[in-house]
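The basis for the numbers below is simple: all heavy atoms, side chains too, and nothing from hydrogens, waters or symmetry mates. Since this is a predicted model, take the numbers as computed values, not measurements.
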Amino acid sequence: MVWTGTWVSDRLGIELAGDDELRGLLGLALRRNPKRAHLLVSGVLGKHVPQLPSVVHGHGVTLGRRVRALLGPEEAARAVVLGYAETATALGHAVADGLETAPYLHSTRRPVASVPSAGGFEESHSHATSHLLLPEDPDFFDRGGEAGRGPLVLVDDEFSTGNTVLNTLRDLHARHPRDHYVIVALVDMRAAGDAGRLAAFAEETGARVDVVAHARGTVRLPEDVLARGLRLVEEQDGRTADPLVPCAPAVAPVRLELGWPAGLPDGGRHGFTPDHRARLREALPAMAARIVDGLGGPEQAGRVLVLGFEELMYAPLVLARALEEAGLDMRFSTTTRSPVLAVDDPGYAIRTRLAFPAHDDPADGPGERYAYNVAGGGFDTVLAVVDSAADTPALHAPGGLLAQLATAAPRVALAVVPAHTPVPRTPDRQEPPVLPAPLRGPDFSSYEPDDVGWLLQDLSAVRLEAPVEEREEAVQRGGAHYAESLPVEYQPTEEYQELYRDALAGSAARIARAVGTVTELVLAERSPRPVLVSLARAGTPVGVLMRRWARHRHGTELPHYAVSIVRGRGIDANALRWLAAHHDPADVVFVDGWTGKGAITRELADALAGFPGFDPEIAVLADPGSCVRTYGTREDFLIPSACLNSTVSGLISRTVLRDDLVGPHDYHGAKFYRELSGSDVSRDFVAAVEDRFDEVADAVDQQVKEAASADRAPTWEGWAAVERISEEQGIHDVNLVKPGVGETTRVLLRRVPWKILARRGAGADLAHIRLLAEQRGVPVEERDDLPYTCVGLIHPRYTRGATGADGKAVGSA
């Protein structure tokens with residue numbers, strides 16, 4: 001039998017090396033993805049390749065039983081299982097079945113307004129990278145009782161670089177630290193260096209980390225495989241036609257009633273308990289009998305494919321397995337977001353492709369979805385199983401999924417599982433106390449009282465500062481979050497202050513032009529009376545200036561507030577409640593200084609899922625990362641307010657979020673550094689830019705006119721560049737790569753820098769960067785290929801011993 005990776009291997013030289021079982025588990029395909037051209041296609045996962053339901057479920061159950069044997073009865077009884085969307089949702093559920101007593105949750109890309117996020121992480125190589133964790137039970141990750149938190153079992157279909165798992169471990173260990181983690185995958189394809197990074201995490205945290213997989217190996221890739229793979233995709237796209245009919249007529253499928261048990265979750269998106277598992281097992285025989293009757297019996301049904309829907313894999317899988325046990329000739333697979341090249345060759349894993357529009361109103365907007373190896377599979381019946389959120393007119397429309405399936409099989413049937421609506425548990429159902437009014441200058445901040453109201457609590461009397469090196473070590477070891485303490489405020493030398501003054505003089509007009517442009521776009525496109533809400537601290541000077549522009553140009557007094565948002569922890573929910581009580585959320589426009597790789601942009605979108613009415617789109621002064629559509633410029637240039645800390649931001653510190661200081665009904669905290677008033681230039685900065693408003697008015701009008709007709713859709717180029725730099729530099733953690741002038745300045749002022757990458761010939765925009773780098777002993781490496789003016793790299797394996805007694809950063813190591 002021909003291996004389904006032969007076609008790719010022969011053309012690109014990609015090889016699988018390792019256990020004998022690998023070729024039986026994996027084939028190869030190609031996809032249009034600038035991060036990774038090849039795709040490992042599992043033949044037993046039930047995603048891209050139709051497979052016997054018993055084989056798909058059996059592989060997961062077997063892994064779960066191996067985990068149970070590894071843990072022993074006591075630890076297994078306290079374990080929780082987490083699977084990854086979208087490909088591993090059913091696999092993770094099957095692993096939980098094998099463990100028998102473990103509750104299960106899978107990550108999701110579908111936000112739910114009523115459920116706050118319990119965490120999130122990035123899957124860097126995926127076509128859709130952001131994951132949310134939305135358990136209905138807020139104590140899901142703290143299961144274990146008096147014995148303490150039990151093991152966390154993380155399940156993915158393949159364990160390749162380990163980046164996704166490490167991102168998850170770091171996020172969850174910071175929130176819910178535990179002693180034992182088990183990583184489960186069908187195949188472990190890590191290289192030796194990747195395995196070392198997981199071991200380093202275990203050493204840093206003191207936690208035990210085990211890996212369980214059916215087979216182990218590596219993928220051997222030629223150096224130029226990405227470029228050659230993308231060229232091959234381009235060539236084949238011109239030769240291979242999708243077996244779809246874009247104008248296919250709407251069809252009326254056979255609609256089958258399942259009799260799904262009331263209140264039973266449709267999957268693990270919000271959690272699935274052992275009690276749920278027992279109820280489902282009891283109900284499956286009756287549901288399978290209804291399906292068999294609805295299809296007219298085994299003979300009329302013929303060869304049947306049950307087709308699941310993206311993350312909804314487990315419910316269709318167990319229905320398919322029940323039908324298999326009832327005697328039907330069954331296969332199972334699932335639709336997907338991932339675009340993969342189809343080549344009709346027995347040595348290629350994806351023979352055919354059906355493409356259709358998304359039909360579940362996804363949060364990230366419309367797009368194309370796919371079903372692979374359905375056409376040409378010899379199926380007499382395709383039974384599509386979706387949840388009720390996806391049973392929309394788009395599903396039934398001409399060219400929709402059902403119409404495309406009708407081109408691939410004589411009969412199409414549809415079964416709809418009720419989408420579970422979570423009811424979050426709250427220990428205290430009482431109304432929260434009235435939230436305090438915003439803090440204002442001069443009692444809190446050096447800005448004018450009307451310039452900004454701070455939705456923060458004043459922690460000025462609390463000692464929160466720690467040496468930069470001490471903070472960095474604690475953060476990287478996973479024992480602390482960067483928002484739990486403050487760096488010691490950098491006190492600029494006279495030479496550095498002179499650079500700041502020169503930078504302000506040279507860029508004030510450019511900043512004024514960007515301020516005017518972004519403000520006019522907000523007024524024209526977002527709201528005629530916007531409520532500006534800046535993300536403290538970098539957004540606050542920009543919000544003040546936008547407010548000043550609206551007053552200067554239009555005589556309009558815009559409300560302006562500053563709120564806290566913390567990467568990995570979300571936005572201040574109490575601040576949002578105050579805003580919703582005092583303003584129309586539809587008028588709120590969130591403001592930030594600049595985008596780097598877009599982490600805060602994503603954080604805000606995730607955090608607002610539980611607060612309907614607020615628009616998550618951020619307005620920024622500069623968008624070098626191409627992460628937003630409302631911006632003053634996409635140039636990566638020096639914004640002088642990034643050069644300093646509190647002394648250019650109203651003498652307010654970074655925000656602080658710590659359990660012993662911030663209660664459930666408190667705003668996040670910050671300090672007012674009154675003692676630094678002699679060095680404060682906050683008002684001077686605003687005045688210097690405001691003085692140039694009239695000078696740039698005509699240029700602003702022209703830029704706004706051009707922007708109105710331009711394609712400003714985010715491309716996320718910055719995120720792709722950061723991923724590339726992270727891998728090139730051997731860091732393997734995008735959180736340690738800080739792109740752009742503003743973020744690089746922050747690295748030098750607040751973190752332990754490793755090195756600076758600078759675009760050759762950047763000139764005056766980097767004068768302060770070079771001075772700070774010299775003062776801290778940080779090498780500056782000139783590059784010709786940077787999409788940003790500069791990029792700051794945080795020391796990737798930092799301990800205080802790594803910097804030497806003088807506290808300077810290590811050079812290239």
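With hydrogens and angles disregarded, no donor-acceptor distance shorter than 3.5 Å links the side chain of Asp623 to the backbone of Gly632. Under a 3.5 Å cut-off, the side chain of Arg547 and the backbone N or O of Glu557 do not form any donor-acceptor pair. Checking side-chain atoms of Ser507 against main-chain N and O of Ala503 turns up a donor-acceptor pair under 3.5 Å. Between the Arg526 side chain and the Glu617 main chain, a donor and an acceptor come within less than 3.5 Å of each other. Listed for the Glu603 side chain is a donor-acceptor partner under 3.5 Å among the backbone atoms of Gly570. A distance-only check finds a donor-acceptor pair linking the side chain of Ser682 to the backbone of Thr647 [under 3.5 Å]. Without hydrogens or angle criteria, Thr595 side chain to Cys627 main chain gives no donor-acceptor distance under 3.5 Å. Looking at Tyr667, its side chain does come within 3.5 Å of a backbone N or O of Pro436 through a donor-acceptor pair. Checking side-chain atoms of Arg110 against main-chain N and O of Pro362 turns up no donor-acceptor pair under 3.5 Å.
Exactly one residue among Ser446, Ser445, Ser649 makes a side chain to side chain donor-acceptor pair (under 3.5 Å) with Asp680. That residue is Ser446. Screening Val741, Leu748, Asp502 against His768 for a side chain to side chain contact (heavy atoms under 4.5 Å, CB included) leaves a single residue, Val741.
Taking the side chain to side chain donor-acceptor pair (under 3.5 Å) definition, one finds that Glu706 meets it with Gln702, sequence neighbours left out. Taking the salt bridge (Lys or Arg N to Asp or Glu O under 4.0 Å) definition, one finds that Lys738 meets it with nothing, sequence neighbours left out. Every salt bridge (Lys or Arg N to Asp or Glu O under 4.0 Å) that Glu494 has, sequence neighbours left out, goes to Arg501. Among residues two or more places apart in sequence or in another chain, the salt bridge (Lys or Arg N to Asp or Glu O under 4.0 Å) test is passed with Asp592 by none. Partners of Trp716 according to the ring-ring contact (aromatic ring centres under 6.0 Å, His included) rule, which considers only residues two or more places apart in sequence or in another chain, do not exist here. For the side chain to side chain donor-acceptor pair (under 3.5 Å) test, no residue two or more places apart in sequence or in another chain qualifies with Asp691. Residues that satisfy the salt bridge (Lys or Arg N to Asp or Glu O under 4.0 Å) test with Arg510, not counting sequence neighbours, are Glu635, Asp765. Applying the side chain to side chain donor-acceptor pair (under 3.5 Å) test to Asp587 and every residue at least two apart in sequence or in another chain returns Ser527. Every residue was checked against the side chain to side chain donor-acceptor pair (under 3.5 Å) condition with Arg463, not counting sequence neighbours, and none meets it.
Between the side chains of Trp754 and Gln729, no donor-acceptor pair of N or O atoms lies under 3.5 Å.
A salt bridge links Arg683 to Glu448: one of the charged nitrogens lies within less than 4.0 Å of a carboxylate oxygen.
Counted within 6.0 Å of CG on Asp698, heavy atoms from surrounding residues, nucleotides or ligands total 12 or fewer; the atom is thus considered open.
Residues His583 and Tyr561 bring their aromatic ring centres within 6.0 Å.
A salt bridge (charged side-chain N to carboxylate O under 4.0 Å, His left out) check over residues 637-647, counting only residues at least two apart or in different chains, returns nothing. The list of salt bridge (charged side-chain N to carboxylate O under 4.0 Å, His left out) pairs with a residue in residues 661-676, not counting sequence neighbours, reads Asp458-Arg674, Glu465-Lys671. Listed by first and then second residue, the ring pair (Phe, Tyr, Trp, His ring centres under 6.0 Å) pairs that reach into residues 512-552 are Trp549-Phe693, His552-Phe693, sequence neighbours excluded.
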Start with the C-alpha distance between Asp572 and Arg577, add both sets of side-chain angles, then the distance that settles salt bridge (charged side-chain N to carboxylate O under 4.0 Å, His left out), and finish with yes or no. CA-CA 9 Å; Asp572 187 336; Arg577 293 187 185 102; over 6 Å; no
Checking side chain to side chain contact (heavy atoms under 4.5 Å, CB included) for the pair Arg658/Leu661: CA distance, chi angles, key distance, verdict? CA-CA 5 Å; Arg658 209 169 77 191; Leu661 299 173; 3.7 Å; yes
For side-chain hydrogen bond (donor to acceptor under 3.5 Å, both in side chains), just list the numbers for Glu525 and Thr630, CA-CA rounded to whole Å, side-chain angles, deciding distance to a tenth of an Å, and then say yes or no. CA-CA 9 Å; Glu525 299 177 354; Thr630 307; 4.7 Å; no
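The two residues Ser626 and Thr715 come nearest to each other via the heavy atoms OG-OG1, 2.8 Å.
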